[in-house]
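Presented below is the structure to which this report refers.
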Amino acid sequence: MATVLSVSGSPSATSRTARLLRHLDTRLREQGHDVIPLDVRTLPPEALLGADFGHPAIRHATSLFARADGVVIGTPVYKAAYSGLLKTLLDLLPQYALTGKTVLPLATGGTTAHVLAIDYALRPVLNSMGADHIVQGWFTLDRQITVTADGGLTLDPEAAVAVTQVVDRFSAVLGGSPAPTPALDTPTPALDTLTAGLAHAPAGIDR
């Protein structure tokens with residue numbers, strides 16, 4: 001199947017964003033894809049902030065983008081935009097690093113005020129980098145993500161359905177095999193219904 005690069009742009013070692021991506025990596029592997037995780041925070045700060053294109057770690061990250069058929073980009077939302085950490089990496093990639101690739105943008109945040117950050121902040125950048133196909137992304141509220149005692153992650157039912165749908169659509173574009181849909185105890189609405197409802201959800205606190 002396809003090679004997928006799963007990129008977390010969170011600066012936090014205990015990030016919900018990173019945990020969400022690693023949770024979704026498992027589903028993509030179940031559908032036959034080779035998934036490579038990349039946490040931008042593990043790259044050398046001096047290379048990122050100093051724009052050191054020749055640093056071995058930056059060269060390696062660039063090569064991971066080059067070999068990927070699909071890229072998942074996950075970021076927390078700060079000030080209605082994607083993270084500064086993610087920007088430092090994107091700025092060091094070749095201008096058209098996403099040419100010919102399918103991209104899934106994902107974001108997390110504490111308030112529904114930032115629900116459009118993917119479309120208005122992140123998607124234009126991905127387009128400018130030549131992405132061949134940017135599939136529908138998803139914004140997940142912090143309160144919809146629960147970190148378990150063992151460091152794992154659970155999603156509330158509505159978020160689980162929505163995220164599963166966008167990941168499965170991304171996988172299908174890449175030619176993935178269908179994976180079983182997680183069983184839920186209660187009926188769940190379709191993705192379009194969830195999108196409409198999210199805009200009216202109570203606001204939380206930014207993280």
Side-chain angles (χ1 to χ4, degrees), residues 5-24 37-53 58 61-62 64-65 68 70-99 101-145 153 155 159 162-163 166-167 170 194-207:
L5 182 62
S6 179
V7 182
S8 169
S10 174
S12 171
T14 58
S15 165
R16 287 183 177 87
T17 304
R19 284 191 169 97
L20 176 61
L21 262 66
R22 302 305 154 243
H23 176 75
L24 300 177
L38 174 62
D39 292 309
V40 182
R41 69 176 187 82
T42 64
L43 299 176
E46 66 276 12
L48 291 170
L49 297 176
D52 186 354
F53 293 87
I58 301 302
T62 300
L64 293 180
F65 276 87
V71 181
V72 181
I73 300 281
T75 179
V77 175
Y78 299 123
K79 305 296 185 182
Y82 58 93
S83 73
L85 179 64
L86 178 60
K87 184 179 188 304
T88 61
L89 176 61
L90 296 181
D91 285 349
L92 293 179
L93 296 176
Q95 182 176 358
Y96 298 112
L98 299 179
T99 297
K101 304 182 190 306
T102 299
V103 181
L104 169 61
L106 299 171
T108 63
T111 169
T112 54
H114 293 157
V115 71
L116 297 178
I118 290 177
D119 287 334
Y120 289 103
L122 186 55
R123 185 178 291 269
V125 175
L126 303 178
N127 271 322
S128 73
M129 296 180 69
D132 184 60
H133 185 190
I134 304 174
V135 301
Q136 179 177 354
W138 191 255
F139 176 91
T140 305
L141 287 165
D142 288 342
R143 61 178 172 78
Q144 295 177 309
I145 302 172
L153 174 146
L155 294 169
V163 173
V166 296
V167 168
F170 170 72
L194 288 173
T195 305
L198 184 58
H200 302 291
I205 298 174
D206 286 343
R207 294 179 182 273

statement: Hits for side-chain contact (heavy atoms from CB on, under 4.5 Å) against Asp52, two or more places apart or cross-chain, chain-then-number order -> Ala47, His55
With a 4.5 Å limit on heavy-atom distance, are the side chains of [X] and [Y] in contact?
X	Y	result
Thr108	Asp142	yes
Leu92	Thr62	no
Leu155	Ile145	yes
Val72	Leu24	no
Leu21	Pro37	no
Val135	Val166	no
Trp138	Val167	no
Leu126	Val71	no

- request: Identify, with sequence neighbours excluded, every residue that meets side-chain hydrogen bond (donor to acceptor under 3.5 Å, both in side chains) alongside Asp91.
  value: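 If we apply the side-chain hydrogen bond (donor to acceptor under 3.5 Å, both in side chains) test to Asp91, skipping adjacent residues, the hits are Lys87.
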Gap separating the [atom1] atom of [X] from the [atom2] atom of [Y], nearest 0.5 angstrom:
X	Y	atom1	atom2	answer
Leu141	Thr111	CG	OG1	7.5 Å
Ile73	Met129	CD1	CE	7.5 Å
Leu98	Phe65	CG	CZ	6.5 Å

query: Any luck finding a side-chain donor-acceptor pair between Ser10 and Ser15 under 3.5 Å?
result: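 Note: Ser10 and Ser15 side chains meet the donor-acceptor criterion.
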message: My understanding is that only one of Thr75, Asn127, Leu106 makes a side-chain contact (heavy atoms from CB on, under 4.5 Å) with Leu122; could you say which?
response: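 Running side-chain contact (heavy atoms from CB on, under 4.5 Å) over Thr75, Asn127, Leu106 with Leu122 returns exactly one hit, Thr75.
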- prompt: Taking only residues two or more places apart in sequence, or in another chain, which ones meet Arg22 in a salt bridge (Lys or Arg N to Asp or Glu O under 4.0 Å)?
  reply: Asp25, Asp39
